[in-house]
Amino acid sequence: MCGIVGFIGKDNGVEFLIDGLNSLEYRGYDSCGIAGIVDEKTKVIKTVGRIKNLEELTSEDLVFNIGIGHTRWATHGGVNKTNSHPHQSFNERFTLVHNGVIENFSELKEEFLSDKKMISETDTEVVVQLIEVFAREGLSTKEAFLKTISKLHGSYALCLIDREDADTLYVAKNKSPLLIGLGQNCNYVGSDALAMIKYTNKFLEINDGELVTVKADSVLIEDKNGVKIERSPFTPNIKYGEIDKGVYEHYMIKEINEQAFAMRNIISEYFDGHDVKMDQEIIDAVKEADRLYVIGCGTSYNAGQMSKEYFEKWAGIPTELHLASEFAYNLPLLSKKPMFIFLSQSGETADLRAVLTKLREVNPTYKVLVLTNVDASTLSRESDYTLLLHAGVEIAVASTKAYTSQIAVLSILAYQVAKELGKAPNLDLEKELSVVTTAIESILDDTKEIKELTDKLFTERNAFYIGRGADYYSSCEAALKLKEVSYIQTEGFAGGELKHGTIALIEDNIPVVALITKSEFDLSTRSNVSEVASRGAKTLVITLEKLAKEGDYAIPNVHETLAPIVSIVVTQLFAYYAALGRGLDVDKPRNLAKSVTVE
Ligand code: G6P
C-alpha cells in the first residue's frame, strides 16, 4: 500500500505535501516523511507514526520548490524511522518514494550491491541505490532511472528527485496507482486524485511502463523506448468539500449516516421513473453469460455474497463467489460463457488486478464488469465495463456505505437482467429501495438504544453473529466490521453450522447476535439462538418489525430480499460504538489500510 506525493513549482510545496499525505493516510499510517531540495542539498524529514507527527517537525520557514512525500504501510522491514521513506542513495544525490513491492529486490541486491551495506531493510532502498550505481556508470538520471525500472519485478509507483537537478521529478509506475495533477506554475504527483483535489481538478493518467518527467511548467510522458505520448487530462467526479468530516466526530459515523443519501443517489442514477437506467451493453453481457463469477476482497466480497440472492433467485443465472486473492492463484473451472463481476470500493485493490491480469492471459475476450465507488480508478479503466456506486467518497478504513451501495447496485443490475430474461421478480425495485432508504433513516434517527445495546452486549473478547441465507452473508460482514474496528474476535456463522463444532466456544456472557430478515428462517434461527442461550450466551435478535418478539431489536419492515441493506446498519453502529467505547482509533484501525495495492 502506502501513499506517495510529489510537487514541483514556483511556490512552496510543503503545504501540499503535508495535505496530500493527510488525504492518503488511509493507505497506511505507520510512518511518514517528506524530502525536498534546498540550496542544492536534499533535506529529509521522517518520523514514525501519523502525519500530524510530521507536521510538528516541519518548521514554518521550510520551503520546497521540489519535494516528495510518503505515508507507509510496512511490508519490508519493521516500523521505524530508518525504514520509512523517502530513501536516499549512499551519496545522497538521489531520493525516492515508493508504493508497492519489489519482488526481486534480494536478487538485485546480490547482483549489483553485494559489496554494500544497506541503510534500511526495505525493498525500496535497493531501487534508489541502483539508480546511483547506474548514474555512476555515466548514465543521465533519466537513463539510470529507466535502466533501474527495466530490472524491477513487482509493483511500484515511484517518484524520484535528484539533488543535482532541482527542476525535475521523475515518475513511473507498474500496477500501483499514480496520477499527475496539473497546476498553474506547478505540477503535482499523488497516489490518487483525492490527495490533490484541493489544489487541482485536472489530472493525467499514467500507464504501466511509462516514464514521466514532471517540471513546473510541463509534463512529458514517454514509453520505454522514449516515444512521446500525448494524453488529455481528465476531471474526476469528486469535489474538495466531500472529504470533510463535517459535523461528525469520525468519518465512520459520517459514512454510516450517509447511507440513506447514497441510496437516494443510486435510485436517481439508476432509475428513470420505475424503469432501470443502465448501460444496455452491461445488461446484455450479463444476460448472455451462462455463469457469473463475482470476485472481491474484504467487505466487497461480503457484498458480493449477496449477489447470489439476486442473480440466482431473480434471474436464474448460476453465480459463484470468489475471493480475489484465491482466484488469481487457484483458478476455478470456468464455464463456457463466463462473465466476471469485480467488486471494489476503491477500484485499486491489487488482488483484483491480479485476477484481471490472469483472466486476460487465459482468454482476452472474457468480459469484466467492475462495481466501484471511484470514477477513473485503475480497475475501472482496465475492465470492460464500470458501474459506479455513487456513494460519495469513503474515507474510514472500515467500509460501510460502499457495502450497502454495492448490494443496491447489484440488485438493480440483477433485476433488469431478470426482467429482460422474462423472469421479472415480483417487486417494484425502485419503490422498495425508497422504502429501504426510509428504514435506514429511521434507524439512524435514534441510535441511543443501539449504543446501550453495544455497551451491554460486547463486553467480552469474543463475539458471534449468526444467520441463514442472506442473513448468514450479513453475519460475515457484521463480524468483519466489529473485529476490524474494535479488535473483538468475531465470527459470522451460518446459524445451523454453529452446533457442528464452534458451539464449543460458547460460554457465559459470550455475545451471539442473530440476524433474521426472512420469515422462512425465523423458527430455525431462533432455535439456534436458544441453543447458545442455554449454554450461557448473551443473545440478541435483529429482525423485521413483523417478526419481532420481546427483547429483539426491530428494524422497520422492508421487502425481505432487500432487508440485509437495513439490518447491517445496526451492526455497523455496534462496531462503531464498541470501538469508541474502547477508546480506539475508529477511522484508522491498527495494521489496516483502506486501499490495499499489494498482493
Ligand atoms: C481493505 C479494506 C477493506 C476493503 C478491502 C477491499 O482490506 O480495509 O475495508 O473491504 O480492502 O477493498 P476494495 O477497495 O477492493 O473494496
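Atoms within each ligand, like the ligands themselves, are counted from 1 in listed order. Here, residue 1 is the first one in the sequence, and each next residue gets the next number. Since we're looking at a predicted model, the values are computed, not measured.
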>> For atom 12 (O) of ligand 1, what's the nearest protein heavy-atom neighbour? Residue, atom name and distance, please.
In response: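 Protein heavy atom with the smallest distance to atom 12 (O) of ligand 1: T349 OG1, 3.5 Å.
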>> Quick test: of every protein heavy atom, which one is nearest to atom 8 (O) of ligand 1, and how far off is it to 0.1 Å?
In response: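 It is A593 O, 2.9 Å.
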>> Using a 4.0 Å cutoff against the non-hydrogen atoms of S300, which atoms of ligand 1 qualify?
In response: 10 (O), 13 (P), 16 (O)
>> Only heavy atoms of T299, strictly under 4.0 Å: list the atoms of ligand 1 that pass.
In response: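 Per the distance check, 10 (O).
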Would you call [X] and [Y] a salt bridge, using N to O less than 4.0 angstrom?
X: R50; Y: D585; value: yes
X: K588; Y: E25; value: yes
X: E258; Y: R264; value: no

> Closer than 4.0 angstrom: is that true for some heavy atom of A398 and an atom of ligand 1?
Replying inline: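 False for this residue.
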>> Using a 4.0 Å heavy-atom cut-off, which part of L592 comes near ligand 1: side chain, backbone, both, or neither?
In response: neither
> For atom 14 (O) of ligand 1, which of P589, C297, S346, A402 has the closest heavy atom?
Replying inline: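 Shortest heavy-atom distance from atom 14 (O) of ligand 1: S346.
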> Only one of K401, K481, Q259 clears side-chain hydrogen bond (donor to acceptor under 3.5 Å, both in side chains) with Q572; which?
Replying inline: Q259
> Can you name the closest pair of heavy atoms from M306 and P564 and give their distance?
Replying inline: CE-CB, 3.6 Å
> Do ligand 1 and E484 have nitrogen or oxygen atoms that lie under 3.5 Å from each other?
Replying inline: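 No: no nitrogen or oxygen of E484 is under 3.5 Å from one in ligand 1.
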> Taking it one step at a time, do L371 and L388 satisfy side chain to side chain contact (heavy atoms under 4.5 Å, CB included)?
Replying inline: CA-CA 6 Å; L371 266 71; L388 287 176; over 6 Å; no
